[in-house]
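See below for the structure under consideration.
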Amino acid sequence: MELSGKTVLLGLTGGIACYKAAEFARAMIREGATVHVAMTESAQQFITPLTLQALTGNAVFTSSWDSRMANNMPHIDLPRKVDVIAVAPCTANFIAKLAHGICDDLLSTLCQARPAQVPLLVAPAMNVEMWEKPATQRNIQQLIEDGVGIMGPASGFQACGDVGKGRMLEPVELVEEVIAALQPKTMAGKRFLITAGPTFEPIDPVRGITNRSSGKMGYAIARAAWRAGAEVTLVSGPTALAAPYGVKRIDVMSAREMLDAVIASLPGQDVFISVAAVADWRVKQVSDQKIKKVAGQSTPTLEFVENPDILATVAKRPDAPYCVGFAAESENLKAYAEAKRKKKGVPLLVGNIGHETFGKDDNTLILFDANGAFELPHDTKQNLAYKLIDQLAARL
Ligand code: CTP
């Protein structure tokens, strides 16, 4: 419920992507938002106010003159009672109006009348030719300069039959953009490199050794860092999770592949968070053929060699970013974690009781730094990730 307690004003302008706006409204409500809708006249050609009223449970506004408002000033009252305005779909015409401050209907007027602290987001949706025209691009640049958030557009198959840029983002992606717009941008301009998940060390082409890490904590941190404004690269071992929205994910299997991906991505990073449960050992002799069971022969014996320590390798480089380690212990967390922080040479180490949290959606974290230990009490992994980002913001 990432939008609990938040009120969103959803604006619809006239494009075929209006059919997706209904799902966008529902998706925000599922995240806990209250949604109010304002529609232009053209939008009502594509979808009715009744549909949006039924989905949001709130009266829909379509005119600058509306006696349902005590003062008959919907353009003033509506933007005052919301946390964010999202115009989706947003036509080339509406973008042009916003760029020039034209107020000739309710939606354009209320965007202009919004209080300074209410962010405005637009989701362009139009034919590729319209999107690429210099006039549209000029207007988009103007909106960026004016601090308007531009959501997308995506490339792909368009309703008109063309293929190219101009498709509205999908409703789930728009929800991610709205959630991010409401987060303080404590990590704006920062670059984060994060590892997550287990590694998989092969025995032969069909077998291997791995561990129970689900990747949830690392993915939650990647998501929180992106929502706080960072550019995020996530180097992930095999997990069942979808890449967090906005995050660049690099998939790897073994510890050595993870190290290579981390080193290749390292230049320019400000923060490295090593959340992955990296296998300490790999099989010395990986068979390039499936090891067969032969009647009468003894069971195979595996010999192991130590894997590189990715975190320690990064931490001792001269160009090391701010490094954060994780320690999954089964007992003696405090003593082991403090020793591990020193051994790995990192300013911050996050401890947790590993086997109790693997695969779960919640956790308790203890932060160890030069000043001692500090607990982030039991919470969802996503909320803990936000708190960890707050802690980092205070330290960077
Ligand atoms: N780590 C790493 N590379 C490894 C092993 C661990 O980068 N080969 C990182 C983990 O991502 C984590 C930290 O080091 O941030 C601590 O991992 P952990 O498995 O708890 O510690 P180990 O060094 O493996 O020590 P031990 O298994 O003996 O507790």
Side-chain angles (χ1 to χ4, degrees), residues 192-202 208-222 225 232-239 241 249-266 269 271-284 304-317 320-359 363-369 373 376 381 384-385 388-389 391-392 395:
F192 275 58
L193 179 62
I194 299 169
T195 64
T199 63
F200 179 92
E201 308 298 331
I209 290 171
T210 186
N211 61 62
R212 288 171 51 210
S213 167
S214 64
K216 284 179 180 171
M217 192 69 235
Y219 277 55
I221 293 169
V232 183
T233 303
L234 177 65
V235 178
S236 175
T239 72
L241 305 174
R249 184 174 75 175
I250 302 172
D251 291 315
V252 297
M253 294 296 274
S254 68
R256 285 190 295 175
E257 281 173 32
M258 187 173 273
L259 176 66
D260 289 347
V262 164
I263 298 299
S265 306
L266 203 56
Q269 299 291 347
V271 180
F272 175 56
I273 312 183
S274 183
V275 196
V278 184
D280 290 315
W281 306 283
R282 66 177 179 277
V283 176
K284 187 172 181 188
F304 290 94
V305 288
E306 201 169 321
N307 266 329
D309 188 317
I310 301 170
L311 176 59
T313 306
V314 171
K316 64 170 178 269
R317 283 170 65 105
Y322 185 89
C323 287
V324 182
F326 264 70
E329 305 294 349
S330 56
E331 64 278 304
N332 286 343
L333 175 62
K334 220 165 170 164
Y336 284 158
E338 189 45 49
K340 206 169 269 184
R341 187 182 79 79
K342 293 197 176 114
K343 191 178 87 190
K344 306 240 175 191
V346 297
L348 180 64
L349 189 107
V350 182
N352 60 157
I353 299 293
H355 63 287
E356 286 177 2
T357 171
F358 274 174
N363 201 358
T364 303
L365 299 179
I366 305 180
L367 275 47
F368 298 87
D369 66 9
L376 298 180
K381 286 183 176 173
L384 288 168
L388 181 62
I389 294 296
Q391 287 292 321
L392 284 172
R395 286 155 211 264

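Computed from a predicted model, the values in this text were never measured in an experiment. Start at 1 and go down the list; that is how both ligands and their atoms are numbered. Worth knowing before you read on, the calculation uses all heavy atoms, side chains too, and leaves out hydrogens, waters and symmetry mates.
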ask   = With Asp280, which residues qualify under side-chain hydrogen bond (donor to acceptor under 3.5 Å, both in side chains), at least two apart?
value =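 Expected list: none.
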task = List in chain and number order the residues that pass side-chain hydrogen bond (donor to acceptor under 3.5 Å, both in side chains) with Asn307, two or more places apart in sequence or in another chain; answer none if no residue qualifies.
result =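 Checked Asn307 against side-chain hydrogen bond (donor to acceptor under 3.5 Å, both in side chains); matches are Glu201, Arg282.
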task = With sequence neighbours left out, write down each residue that passes side chain to side chain contact (heavy atoms under 4.5 Å, CB included) with Phe304, or none if nothing qualifies.
result =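 Expected list: Ile209, Trp281, Val283, Leu302.
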Residues lining ligand 1 [heavy-atom distance under 4.0 Å, listed by chain and residue number] =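 Lining ligand 1: Ser274, Ala276, Val278, Asp280, Pro308, Asp309, Ile310, Leu311, Gly325, Phe326, Ala327, Ala328, Lys340, Lys344.
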request  = Search all heavy atoms of Pro198 against all heavy atoms of Asn211 and return the closest pair with its distance.
outcome  = CB-OD1, 3.2 Å
task = Measure across Asp369 and Glu338 and return the closest heavy-atom pair with its distance rounded to 0.1 Å.
result = O-OE1, 4.2 Å
task = Measure the shortest side-chain to side-chain distance between Leu311 and Val278 over non-hydrogen atoms and say whether it is less than 4.5 angstrom.
result = no
